[in-house]
There are 2 protein chains.
Amino acid sequence: MTKAHEGNLPAVTEEMSQRFDAWQEAGFDAANCPVRDVLDRVGDKWSVLILTALAEEPKRFSALNRAVGDISKRMLTQTLRTLQRDGLVDRTVYPTTPPTVDYRLTELGHSVLEPLSALIAWAETRHDDIRAARNAFDEDEAVAA
Amino acid sequence: MTKAHEGNLPAVTEEMSQRFDAWQEAGFDAANCPVRDVLDRVGDKWSVLILTALAEEPKRFSALNRAVGDISKRMLTQTLRTLQRDGLVDRTVYPTTPPTVDYRLTELGHSVLEPLSALIAWAETRHDDIRAARNAFDEDEAVAA
DNA sequence: AGAGTTGGTAACTAAAAGAGACCATACCTC
DNA sequence: GAGGTATGGTCTCTTTTAGTTACCAACTCT
């Protein structure tokens with residue numbers, strides 16, 4: 001079980017290494033890499049949180065600001081713009097005073113929830129392992145130093 | 001189909017919004033957030049590439065350096081250290097001259113391939129949509145300006 | 001002797017994240 | 001009508017992080 005990478009490669013392993021080979025052959029143009037494109041969004045501090053917050057229902061700017069809590073308005077604006085630019089989020093302005101603006105997931109935005117949710121689930125189930133590894137590593141470092 | 005978020009919420013949507021509610025209730029301590037922890041790694045420029053490169057077989061430092069191509073040694077070292085610290089990658093030194101060091105995925109590292117692969121697959125199938133959205137957005141911007 | 005290989009580190013620079021003050025508009029209270 | 005509140009931002013400044021380049025020690029091959 002712990003030696004899953006010996007001999008009987010699981011399907012995913014093969015899938016990944018094939019992908020890698022394909023990237024290699026294609027020259028791996030980072031600028032045009034779809035994966036990089038997506039992971040840049042997924043990886044930034046706020047995008048996932050905002051996508052999660054918008055999963056159930058559209059929310060207004062200020063509602064998001066309150067919901068996320070420790071995000072600054074600048075970062076919220078910036079993150080929303082990027083998500084909007086990538087077609088994951090839709091921005092609607094209602095010409096009231098004070099202005100009302102709401103944000104909602106597009107179909108594309110909804111569709112990313114599935115793989116994203118799987119990754120989050122992995123994170124949650126394996127977090128203890130990660131923390132344990134981290135502690136062990138830091139202790140070794142401390143001893144070595 | 002395009003109105004998937006009206007009425008009949010798909011399972012994932014509900015899953016995500018429940019998760020969000022749970023985070024909200026827990027006060028969302030960013031420092032102790034498992035998701036943030038994981039996504040920080042997934043989101044950085046090189047981690048995913050390295051995990052992919054190591055999926056099939058262990059590789060040496062210089063092999064990784066060549067395989068990834070446009071990564072600098074410093075970033076490679078740094079990324080590998082972080083992955084090692086998080087228990088995703090195992091580092092083995094053979095006392096030869098010149099030194100031989102190889103890196104391989106741990107069981108934990110292998111286990112992340114599954115959700116990661118799903119996300120990459122999403123990125124690849126939806127990349128055209130993202131690019132289209134991006135172009136449309138940029139054109140609107142240009143017109144507005 | 002000189003060049004090449006190994007797996008890094010140290011010092012520096014460019015880019016991005018983030019905090020905080022500010023803004024126009026309109027409402028509501030005193 | 002002065003003062004406070006709310007809206008959805010932007011502008012400026014500082015701190016953090018990403019990334020590049022040069023260098024190192026030890027050994028082998030020519």
Does [N] have OP1 or OP2 under 4.0 Å away from a side-chain N or O of [X]?
{"X": "B:Ser72", "N": "D:dT20", "answer": "yes"}
{"X": "B:Trp46", "N": "D:dA18", "answer": "no"}
{"X": "B:Lys45", "N": "D:dG19", "answer": "yes"}

To the nearest Å, give me how far apart [atom1] ([X]) and [atom2] ([N]) are.
{"X": "A:Asp44", "N": "C:dA17", "atom1": "CG", "atom2": "P", "value": "7 Å"}
{"X": "A:Leu64", "N": "D:dT7", "atom1": "CG", "atom2": "C1'", "value": "14 Å"}
{"X": "A:Asp102", "N": "D:dT7", "atom1": "CG", "atom2": "C1'", "value": "14 Å"}
{"X": "B:Met75", "N": "C:dA16", "atom1": "CE", "atom2": "P", "value": "14 Å"}
{"X": "A:Gln78", "N": "C:dA15", "atom1": "CD", "atom2": "P", "value": "15 Å"}
{"X": "A:Ile71", "N": "C:dA17", "atom1": "CD1", "atom2": "C1'", "value": "11 Å"}
{"X": "A:Ile50", "N": "D:dG8", "atom1": "CD1", "atom2": "P", "value": "14 Å"}

Might you list the N or O atoms of the protein lying below 3.5 Å from N or O atoms in nucleotides 25-29 of chain D, with each pair's distance?
from   : atom 1 : to      : atom 2 : distance (Å)
D:dC27 : O3'    : B:Thr97 : OG1    : 3.4

Query - Distance, nearest 0.5 Å, that separates CD1 of A:Ile50 from OG1 of A:Thr79 - result: 4.5 Å

Report task. Could you tell me the separation between the CH2 atom of B:Trp46 and the CG atom of B:Leu76, rounded to the nearest 0.5 Å? Result -> 9.5 Å

**Report entry** Residues in side-chain hydrogen bond (donor to acceptor under 3.5 Å, both in side chains) contact with B:Asp129, at least two apart in sequence or another chain
**Finding:** B:Arg126

Query raised in the report: With sequence neighbours left out, what residues match A:Arg74 under side-chain hydrogen bond (donor to acceptor under 3.5 Å, both in side chains)?
Result: none

Query - Among C:dG7, D:dT7, D:dT20, the nucleotide that comes nearest once only the side chain of A:Arg60 is considered - result: D:dT7

Applying salt bridge (charged side-chain N to carboxylate O under 4.0 Å, His left out), name anything that partners [X], two or more places apart in sequence or on another chain.
{"X": "B:Glu15", "answer": "B:Arg19"}
{"X": "A:Arg81", "answer": "none"}
{"X": "B:Arg85", "answer": "A:Asp138"}
{"X": "B:Glu14", "answer": "none"}

Requested in this report: Hey, could you give me each pair passing salt bridge (Lys or Arg N to Asp or Glu O under 4.0 Å) that has a residue in residues 94-103 of chain A? Not counting sequence neighbours.
Outcome: A:Asp102-A:Arg104

Query raised in the report: Along nucleotides 8-14 of chain C, 5' to 3', which nucleotides get a B, which get an S, and which get a -, given that the test is a protein heavy-atom distance under 4.0 Å?
Result: BBBB---

